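Structure first, commentary second.
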Number of protein chains: 2
Amino acid sequence: MTTHLITIGDEILVGQTINTNAAWIGQQLALIGVKVNKTITISDTKEDILSSLIQSQKEADLVLLTGGLGPTKDDITKHVLCEYFNTELELNEDVLTDVKAFFEKFNKPFLEVNKLQAMLPKDCEVIRNYMGTASGMWFEKDNTYFVSMPGVPYEMKHLMDSSIINKIKEAFNTSDLFHYTVLTQGIGESYLAEKIVDWENDLRANDLGLAYLPSPGMVRLRISSYKGHKQQVLEKVKELYNLIPTYIYGEENDTLAGVVGDLLQQKEKTVSLAESCTGGYVSHLLTEIPGSSAYYQGSIVCYSYDIKEHELNVPNDILLEKGAVSEEVVLILSEEIRKKYKTDYSIAISGIAGPGGGTEDKPVGTVWIAVRSDKEVVAKKFTFGDNRKRNIKKSALTALNMLRLLILKD
Amino acid sequence: MTTHLITIGDEILVGQTINTNAAWIGQQLALIGVKVNKTITISDTKEDILSSLIQSQKEADLVLLTGGLGPTKDDITKHVLCEYFNTELELNEDVLTDVKAFFEKFNKPFLEVNKLQAMLPKDCEVIRNYMGTASGMWFEKDNTYFVSMPGVPYEMKHLMDSSIINKIKEAFNTSDLFHYTVLTQGIGESYLAEKIVDWENDLRANDLGLAYLPSPGMVRLRISSYKGHKQQVLEKVKELYNLIPTYIYGEENDTLAGVVGDLLQQKEKTVSLAESCTGGYVSHLLTEIPGSSAYYQGSIVCYSYDIKEHELNVPNDILLEKGAVSEEVVLILSEEIRKKYKTDYSIAISGIAGPGGGTEDKPVGTVWIAVRSDKEVVAKKFTFGDNRKRNIKKSALTALNMLRLLILKD
């Protein structure tokens, strides 16, 4: 089975929108054993859409399309689909009712332009959208299935989840693709490769695949079997835990903040943070997770010297002698925030994210992190790099992994 | 001129990596008038890479490739390029010196596997990479230029910025594409379309293009001329400012946090925040910007009732009678944080991000936001939606835009 994904929109080509839809669709299809073989992004012009449809029909059994179904004039996908499938638009009364109800629900006036959303191709199966006004469309031509979806991510996801995934499962036998991903923090790609070289050779000798997927502060290891050898893959995962135990924080779609949150919740413990260079980012990662109020109490983003000194009791002479980016300061910050916000654990982070603020002894990328419980404190210095956003991300993931290890030890 | 971008990697197809490279490359090429006509993502298999090279050579004048140049065994791009261009790998001594120096700089041991990074195709122009170990490669075949780059974003960006953009400019005459983007906050896509319907009709009558690009909490409007009518586009932008003045917060690649930061810096003012449901996200957006310590002092993420009451003096009876998500509470939080952290402005946000915590009167998505100066406070209630992450983003952008309007008024 060959699957293509066509994402339509100049905004993607010129880079004003990042193609998160393609990633999400790839993930969801992988879960049902369908591999996307090619993703193609094209302009919202009639010529480009038509030629991609023609090309993909030749190569693929399933063609998914996103984008170009909005109510505004730049959205032409529906018209091009009519041309390609040799059909025409007609008013779909059921969809019109849905669209009107949608506007009523949010107390918003129904505009004439929104009525166009109920005009749909005659010869397709309409997939109702209860999260927006653009319907999905399911077509078949010369043994290829085509599915057109809106480009707005949560509407597309709603259609996939509520209907399209099941329709694909019904229409095709799922393949034998099996992927499993192990998530590591605290070790770079080539060091990791060296540590697991024998394990990797054995894996490849057994016809399994391995991909290293680095991103700031972490490396994901994806182990694949294209022959459905699920047990063999899971055996290799087990071996990996013995080889690099402290670096592995999770599997598949886990996030480090989620893993830490689950641990805190299981143990009925709480956490607070004093964030300087990460500026609230670690708190954001923790609170992005539903239900985090069960264990996350609060943070102080102590960016200025003044707040470090007056709100978190770092003595002025320590700030002057040791500097805000120092072991002494993160030790005090972690202790003070834990007491002030009455939590079981705390994290304190102080560093030079850059691009300014570096010195000879403390270059940009120098970060001190402390994690603390009632019994123990661990403080470490890191030297990340010279990119501000990467330094913020690396500091955040490193701090969360330090906290994870501390909780596991307790 | 036709340009294709081929991004190589199963991790992109299965959605474990979001294709941010494609977006960034699209943006950079647009700046020099080069439009990416098609982006293709394929597996890291010899067959897929070869067939894409053959296909793109037929259609395109310029083919950019990213990915598959790492030191690990799953990286095969270099070998496939040798096959396609009918050449072979040889040791490049200059690159070997670079690679060794790179490891020395970070005090990391040089591994044998890293030496492979200096093996490069004979018949290409090597583009040196000073941020990593994978070199860029520039080829020409049958009047098409091919450029292969690493997939690690900051290495790819370094090669583009330091060399490839200039080489493309030299090799091609740039086209007449001109895009300009206006950024709006606080109005949905179809309401915006209704407000500017006459303006949009006139724009289209003048052969200009318009795209609505919505994302949570904002809509970007991209105005395009494919005939280089830059002045005409900028005239239309000016008209737009008269039509929807309060909604426009910036242009092109501005961010709302950056615009607010610039305003604070110009006026030498400072800001602090009391964030509840946004959990540190607004602080993160502000502190992601280099130099933000000039105006950003700090925040309290007051997630728990306890912190709202004891650290920010919200009376217990108000929390019980009015609830944490109320006008009274954000008025007090904004006043208390401004006094405590001694800043000119403050933001306070309290809401129900969901999925839990909603009630009949205060459904999930209810958010109160206050922005305050020494002279004035503005507090507003919003009803966003039922998706946690979107509610956090919408709250953050709405709060920043409210602060922007307050600063502009002062």
Side-chain angles (χ1 to χ4, degrees), chain A residues 10-11 13-20 22-24 26-27 30 36-42 70-72 74 111 113-114 154 179 181 190 193-194 204 210-213 220 222 279-281 283-284 287-288 290-291 293 296-304 307 341 355-356 387-389 392, chain B residues 10-11 13-20 22-24 26-27 30 36 38-43 70-74 111 113-114 154 179 181 190 193-194 210-213 220 222 279-281 283-284 287-288 290-291 293 296-304 307 341 355-356 387-389 392:
Chain A
D10 267 345
E11 68 278 13
L13 290 170
V14 305
Q16 288 185 310
T17 298
I18 292 172
N19 202 344
T20 54
W24 189 87
Q27 280 172 11
V36 175
N37 300 86
K38 198 188 271 191
T39 299
I40 304 132
T41 305
I42 49 171
T72 48
D74 57 317
L111 309 177
V113 67
N114 300 119
Y154 71 96
H179 280 310
T181 305
S190 47
E194 174 133 300
R204 292 190 189 276
L210 181 71
Y212 292 80
L213 309 171
R220 287 165 298 162
R222 193 189 61 228
Y281 185 61
S283 306
H284 165 59
T287 56
E288 215 179 18
S293 59
Y296 173 77
Q297 297 298 296
S299 302
I300 290 183
V301 182
C302 48
Y303 227 53
S304 69
I307 293 174
Y341 285 5
N387 179 297
R388 183 180 182 87
K389 289 189 183 182
I392 293 172
Chain B
D10 266 345
E11 68 277 14
L13 289 170
V14 304
Q16 288 185 309
T17 298
I18 292 172
N19 202 346
T20 54
W24 189 87
Q27 281 172 10
V36 175
K38 198 189 273 192
T39 298
I40 304 132
T41 304
I42 49 172
S43 274
T72 49
K73 294 192 182 67
D74 58 316
L111 310 176
V113 67
N114 300 121
Y154 70 96
H179 279 311
T181 304
S190 47
E194 174 134 302
L210 181 70
Y212 292 79
L213 310 171
R220 288 166 297 162
R222 194 189 61 228
Y281 185 61
S283 306
H284 165 58
T287 56
E288 217 180 16
S293 59
Y296 172 77
Q297 297 298 296
S299 302
I300 290 183
V301 183
C302 48
Y303 227 53
S304 70
I307 294 174
Y341 285 5
N387 179 297
R388 183 178 182 85
K389 289 189 184 182
I392 293 172

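Treat the numbers as computed from the prediction; the structure is a model and nothing was measured. All chains are named by letter (A, B, ...) in the order of the sequence lines, taking the proteins before the strands, and each is independently numbered beginning at 1.
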Between A:L13, A:T41, A:I40, which is the residue that forms a side-chain contact (heavy atoms from CB on, under 4.5 Å) with B:K38? A:I40
If I measure from the heavy atoms of chain B, does A:D10 come under 4.5 Å with its side chain, its backbone, both, or neither? both
Rounded to the nearest 0.5 Å, the CG atom of A:N387 sits from the OH atom of B:Y154 at a distance of 9.0 Å
Rounded to the nearest 0.5 Å, the CD atom of B:Q16 sits from the CG atom of A:L213 at a distance of 5.5 Å
Option in A:Q27, A:R388, A:Q297 with maximal non-hydrogen atom pairs under 4.5 Å from chain B: A:R388
Interface residue of largest heavy-atom contact number with chain B, from A:G291, A:S299, A:C302, A:S283, under 4.5 Å: A:S299
Over 60° means perpendicular and under 30° means parallel, so tell me whether A:H284 and B:Y281 are parallel, tilted or perpendicular. tilted
Contact leader toward chain A among [options], where contacts are heavy-atom pairs under 4.5 Å:
{"options": "B:G280, B:G279, B:S43", "value": "B:G279"}
{"options": "B:A30, B:A193, B:G356, B:S293", "value": "B:S293"}
{"options": "B:T17, B:I18, B:V36, B:T39", "value": "B:T39"}

Of all heavy-atom pairs linking A:L111 and B:S190, the shortest is CD1-O, 3.6 Å
Chain A contact via B:I392 - which portion, at a heavy-atom distance below 4.5 Å: side chain
What part of B:E194 gets closer than 4.5 Å to chain A, counting heavy atoms only: side chain, backbone, both or neither? side chain
Quick one: list whatever passes ring-ring contact (aromatic ring centres under 6.0 Å, His included) with A:Y341, sequence neighbours left out. none
